[in-house]
Amino acid sequence: MSFGLDLFSQALFERWAGVPIVLLLCGGAISLGLLVVPRAAARPALRALAGFPLFFLLWGSFGVLLFLLGGTVFGGLLAGCIVSFFLLWHAARRGLFTVLWLRRELALLGLLLASGFVLAVFGWGETRDGTIRAMHGAWGDGPLHTLFAEAFVRRAGGDFSMPAFAGEIIREPFGYDFLAAMLRSGGVTIGGALTLPAAVLLACVFAWFARLAVAFTKAGARGRASSPPDARARITPATFAAALSLVLLPTFGGFQWLVFARREGAWSLSRFFGVHEAFWAKAEELGLVWENHVVIFSSQKHLLLAAAFILVLAGVFLASGREKRNVEGSNGSFALTDPIFVLAVGTGVLPLFHMHAFLGAGLLWISAALVTRSRSVFFGGVLAALLALPLVIWLAGLFSRAGFLAFEPGWMATGSTRGWLRFWLVNLGVFLPLSVLAVWGGIRRQRSDTLLLALPSLALFVLANLVRFQPYR
């Protein structure tokens with residue numbers, strides 16, 4: 001009940017001018033998704049949501065560049081508003097909004113955005129009386145990223161010093177914080193600046209996660225079906241897969257809730273979700289590091305942005321492969337709104353937002369180039385690497401610490417094989433057998449889309465178990 005009351009008393013705007021600014025930016029992001037994401041990749045509502053991670057990556061990186069050159073975060077906000085206006089105009093001129101005005105598309109888009117907002121506030125929200133409700137993980141990271149966002153608003157261009165410690169430089173990913181700072185300069189509260197982007201990104205993650213589940217289920221069903229499906233059937237394998245994925249994604253982070261319930265004798269719903277209390281702070285003492293995704297994304301909003309982008313990237317690659325064509329312009333060269341060009345630029349600036357996710361996106365590009373044998377995908381990956389190189393070099397200087405990178409097999413688990421197996425069984429839970437069955441079934445049918453996702457996932461899993469990418473445990 002208290003959460004329901006808090007939901008309708010969120011402090012999102014300090015000035016009413018912030019409302020049209022946010023609506024304009026949302027319109028620009030939706031327009032970008034409709035312009036860039038191919039129609040074969042997803043239905044209009046999902047293509048509209050795909051524009052948000054793309055827009056945030058491009059807008060945020062341009063804002064950082066402007067700040068480096070001596071500009072201000074308000075200048076970055078103005079640039080985002082101007083670009084949003086032209087994106088809206090271009091999408092309207094091409095008639096792309098007509099497919100979005102259909103009742104079922106608007107209903108789906110509204111439902112996803114409302115669900116994302118509820119879960120984002122559930123993770124971290126600020127009410128008008130100054131109260132902050134947060135999951136336990138957000139308590140540690142929330143003040144840190146709040147400091148970053150507020151510091152960018154108040155500073156002159158080019159100042160990347162740590163706001164909490166004099167003489168130190170920022171040693172954490174700050175791309176999402178810079179987005180929040182630009183929104184903050186337009187009249188959005190600090191709570192709204194951190195929560196509103198998270199809400200649309202959560203909606204994008206849910207939509208595209210379910211989209212991939214539907215795509216794989218339909219492909220498998222087509223390969224096995226001997227007769228056309230009954231059109232009157234209300235529940236198809238694809239809809240069941242989508243519903244199951246949406247249940248598992250926000251609630252199930254492994255078998256942690258079962259371990260906790262057994263050890264602590266607590267079976268309450270709040271402890272199942274692991275929110276709003278210090279109960280889950282004991283997780284790492286028990287070797288449990290994968291909390292459910294809502295808990296992770298409430299504090300790791302940079303990871304949330306990266307996850308949304310990578311899901312869209314995978315969806316576009318899969319759609320282009322199934323259509324047996326390259327995602328390129330009709331003249332075979334890059335154009336401003338070609339999917340490969342925009343996705344390549346988004347991947348190239350991803351290190352500003354999440355360095356580890358850039359590694360995952362890079363492996364996905366390599367896998368797509370190998371599986372699809374597409375020249376446009378290959379050259380798009382090269383473009384992404386060239387754009388990312390100076391960012392990686394610059395950020396490596398900011399994040400340099402002793403022991404940041406080390407070869408340490410099984411560093412999060414115990415040294416024995418038995419301990420390693422138990423570690424991943426508990427932390428992956430039902431996702432472990434489901435993923436093994438899915439990959440095995442796909443390989444048996446020689447499905448290139450299965451290989452496209454399985455190869456980078458397996459490579460990243462092996463790397464993460466052999467190399468420690470952080471200076472602490």
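Ring orientation note: the planes of Phe148 and His145 are nearly perpendicular, at an angle over 60° on the 30°/60° scale. Using cut-offs of 30° and 60° on the angle between ring planes, the pair Trp59 and Phe56 is tilted. Taking the six-membered ring where the residue is Trp, Phe317 and Trp365 present perpendicular rings, their angle passing 60° and hence far from 30°.
At a threshold of 4.5 Å between non-hydrogen side-chain atoms, the residues Phe55 and Leu87 count as touching. The closest side-chain heavy-atom distance from Val349 to Phe62 is not below 4.5 Å. Two residues are said to be in side-chain contact when any heavy atoms from C-beta on lie closer than 4.5 Å; Ile366 and Leu455 fail this criterion. The shortest side-chain heavy-atom distance between Arg184 and Glu14 falls under the 4.5 Å cut-off. Using a 4.5 Å heavy-atom cutoff, the side chains of Phe52 and Ile30 are in contact. Within the 4.5 Å cutoff, the side chain of Arg39 has heavy atoms near those of the Leu96 side chain.
Residue-environment remark: CZ (Arg93) exceeds the threshold of 12 foreign heavy atoms within 6.0 Å. Other residues, nucleotides and ligands contribute more than 12 heavy atoms inside 6.0 Å of the CZ atom of Phe461. More than 12 non-hydrogen atoms from other residues, nucleotides or ligands lie less than 6.0 angstrom from CZ of Phe97.
Shortest non-hydrogen contact noted between Leu343 and Phe309 is O-CZ, 3.6 Å. Of all the heavy atoms in Ala306 and His354, the pair that sits closest is CB-CB, 4.1 Å. The minimum heavy-atom distance between Leu108 and Ala45, with the atom names listed, is CD2-CB, 4.0 Å. Between Trp101 and Leu106, the shortest heavy-atom contact is O-CD1, 3.6 Å. Of all non-hydrogen atoms in Leu460 and Gly360, the two that sit nearest each other are CD2-CA, 4.1 Å.
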* Asked: When you look at Leu35 and Arg94, which way does the side-chain contact (heavy atoms from CB on, under 4.5 Å) test go after all the steps?
  -> CA-CA 9 Å; Leu35 286 164; Arg94 293 182 55 180; 3.6 Å; yes
* To do: Test side-chain contact (heavy atoms from CB on, under 4.5 Å) on Leu77 and Leu25 and set out the steps.
  => CA-CA 9 Å; Leu77 176 68; Leu25 294 171; 4.1 Å; yes
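Within the model, atoms CD1 of Ile190 and CG of Leu12 stand 12.5 Å from one another, a figure rounded to the nearest 0.5 Å.
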